[in-house]
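Read through the structure below, which is laid out as structure tokens, and then see the notes.
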Amino acid sequence: MLGLTSRDFTLFAIVCALTLLAPIILNPFPTGSALGASFNAGYPALMQRFAIFGILVVGFNILFGLTGYLSFGHAAFLGVGSYAAVWMFKLLSYNIVPAIVLSIIVAGLFSVVIGYVSLRRSGIYFSILTLAFAQMCYALAYSVFTPLTNGETGLQVYTSDPQVLMSPGDPVVPHLFGLQMNTAEVVRVGPWTWTFEVGYYLCAIMLIAAFYLSIRIFRSPFGMMLRAIKSNQTRMNYTGLNSRPYTLAAFIISGMYAGLAGGLLAAMDPLTGAERMYWTASGEIVVMAILGGVGTLIGPVVGSGIIKYLENIVSKINENILHQWFAALPDGLENVLIGVVHPFVGEGWHLTLGLLFMVVVIFLPGGLVEGGQRVGAMFSRKSRNASGVEADAAAQNPNTPAE
Amino acid sequence: MGILEVKGVNKRFGGLQALGDVNLSVKENTVHAIIGPNGAGKSTLLNCLVGKLIPDSGSVMFDGQSVLGRKPHEINQMGISRVFQTPEIFADLTVLENVMIPCFAKRDGAFRMHAIESTRHEGDIIAQAKAILSDVSMLEKSEMIASSLSRGDKRRLEMAMCLVQEPRLLLLDEPTAGMARADTNNTIELLKEIKAKRDITMCIIEHDMHVVFSLAERITVLAQGTPLVEETPENIKGHPKVREAYLGEAQV
Ligand SMILES: Nc1ncnc2c1ncn2[C@@H]1O[C@H](COP(=O)(O)OP(=O)(O)O)[C@@H](O)[C@H]1O
Ligand SMILES: [Mg+2]
């Protein structure tokens, strides 16, 4: 269906369902309960980030996952995408369509230039070149290009801006032909509260489209060529294929994905700053991809989701909350438990992430997706003991990259 | 005029003269063997033909056009395919994908942006790939990951990848090295079949004299970077210069 194999279609349908139902799924605990206050992630600002960073890493994975070229400067494309979008708000109006279109185009142009130069080298030299370019963009945004970027203050929309397409009654927040991004429908069912926000659903639909396109690319002859480049570039060249335009095309596509993500960030909150291009932001993208599973379809979405969850939810768990949780326990035990858990939550979320990352890199080179597949394979083996051979052969059929 | 004309090619690596004034003419639709002791410069010569190395001087003409200064993929698109001394395959891909890629290269050229179509719908390409896999009797292995193949199978796979492109000139660098006797014989049969089926010129570097004498119509003996003799197989065995340079070392 939709030009996908039934396996891919199932995966795609799952992603659609999860994204569209996220406001419900991510709020599993009743509003107002202690657990709900700590763990509910179904609020629009965070869900937008899940979707936007999902798009970013899905695009990054087209480059890194398929060709093996590790870009360490992808945040630059996110950054220029955001700047382009905010400029559209300043010059035209708060309509997000021109903003997002331009953010994709500008990021695409940047990736043509950066990719053309960086792809003359491979391996670590390629990574260093992309890193250098991104840091250059970051530094220039603070200095030479202050008129374009508003330097340290960051770029935002002022009432004095031209906004030539703006008519008197138009919304003064980002909108889609009048439909404001911050419009939200709050639904209460029993003790639960769910917020369905226009902004989130825009990001969700973009993520679904981005994910669908990435499945198509993975399964296309072009995707096969990209995997061939990762596997053996010598053979590629002696087979009559010019690897350079293939890698450049992959680089540009993934740069445009990042531009889209940057444009969406600005559409959700119409301001931006150079820190979006800082090298740690690029590093975060790499970590997200590796954590989820490089070269798998769903890995990037998983990886970015987990990191954004840790960053926004686990980081907010402080000592008071821990005391609430363990209040029922005897005092001595309570203090011991809090002593054990405390370093891993709140500001210690980096420690949790670091350990998780190490475990994945060492034991699950295929990322958490590989972990999930192993668990899945274990269960299917148990349930099909009798005719296990066939099931295994099917489970291990390596024909296509894993989902 | 041969389809491949090598004239006055020299190549130095630092102080080492790897190729010294090499002249070679390979006639269309023949099997031409290049033999010579280890380090004679055979692989270096092939590298100069496919764009991996650029000779210091001399000319290499394929079908009337110079290959010098062209990139490897351009030379392949002219119709030259090469089997390497250590197999170069796409180790992470399946056997079928390994063979589909050269089919795409042949049909679509050095680059084509076909990012939305599904490979599953490339019926012609899949059929071509399966046909060649069946020729090298590897069809039942088409879903295997190439890195898990045996060494002999990797060689056969690489040969299939070259043959499926129907090159006009096929360069083979020790295609049977490391193969068991039975596999070697299969390879000889395969190359003979290919030769019988279609017009193809082969230039084969080989240590195994059994292979050379089974296949070659002309033999060039290379020693210390210079061709000593070019002869038919019948005449090469007793040739005094050949004995001196080569056969004294590897018994025929
Ligand atoms: N890239 C290189 N750099 C330096 N020396 C090389 C290189 N390639 C080959 N040689 C040297 O050139 C000589 C010829 O090598 P080669 O062509 O591989 O011989 P053959 O294939 O006939 O055994 C050898 O002495 C080898 O060490
Ligand atoms: Mg050699």
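Since the model is a prediction, treat every value here as computed from it, not as a measurement. Convention: sequence-line order gives letters A, B, ...; per-chain numbering from 1.
- With a 4.5 angstrom heavy-atom cutoff, A:A228 touches chain B via backbone and side-chain atoms both.
- A:I253 touches chain B through its side chain: at least one heavy atom from C-beta onward sits under 4.5 Å away, while N, CA, C and O do not.
- For chain A, no part of B:I125 is nearby; none of its heavy atoms comes within less than 4.5 Å.
- Other residues, nucleotides and ligands place more than 12 heavy atoms under 6.0 Å from the OH atom of A:Y246.
- Within a 6.0 Å radius of CD1 in A:I124, no more than 12 heavy atoms belonging to other residues, nucleotides or ligands are found.
- Residue B:I54 places its CD1 atom among 12 or fewer non-hydrogen atoms of other residues, nucleotides or ligands, all under 6.0 Å distant.
- Remark: A:Y116 OH is loosely packed, at most 12 non-hydrogen atoms of other residues, nucleotides or ligands lying under 6.0 Å away.
- Taking 4.5 Å as the limit, every side-chain heavy atom of B:R120 sits out of range of all side-chain heavy atoms of A:R219.
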Run A:T239 and B:Q165 through side-chain contact (heavy atoms from CB on, under 4.5 Å) and show every step you take. CA-CA 9 Å; A:T239 302; B:Q165 294 194 308; 3.7 Å; yes

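- The structure places CG of B:N98 at 9.0 Å from CZ of A:R235, a figure rounded to the nearest 0.5 Å.
- Separating the NE2 atom in B:H73 from the CG atom in A:N237 is a distance of 7.5 Å, to the nearest 0.5 Å.
- The number of heavy atoms from other shown groups lying within 6.0 Å of CZ (A:R121) does not exceed 12.
- When heavy atoms are compared at a cutoff of 4.5 Å, B:K52 approaches chain A by way of both its backbone and its side chain.
- Both the backbone and the side chain of A:T5 come within less than 4.5 Å of a heavy atom in chain B.
- Annotation: A:Y125, atom OH; neighbour count of heavy atoms from other residues, nucleotides and ligands within 6.0 Å does not exceed 12.
- Rounding to the nearest 0.5 angstrom, the gap separating the CG atom in B:N76 from the CG atom in A:L241 is 7.5 Å.
- When A:M236, A:K230, A:R227 are each tested for a side chain to side chain contact (heavy atoms under 4.5 Å, CB included) with B:F90, only one passes: A:M236.
- B:E122 touches chain A through its side chain: at least one heavy atom from C-beta onward sits under 4.5 Å away, while N, CA, C and O do not.
- Contacts of A:L4 with chain B are made by backbone atoms alone, with heavy-atom separations under 4.5 Å and no side-chain atom involved.
- In this structure, NE2 in B:H121 is found 12.5 Å from OG in A:S220, a value given to the nearest 0.5 Å.
- Residues of residues 111-119 of chain B placed with any heavy atom under 4.5 Å of a heavy atom in chain A are listed by number as B:F111, B:R112, B:M113, B:H114, B:A115, B:I116, B:E117, B:S118, B:T119.
- Only the side chain of B:M161 comes within contact range of chain A, with heavy atoms under 4.5 Å apart.
- Here the side chains of A:M225 and B:F104 are in contact, with some heavy-atom distance below 4.5 Å.
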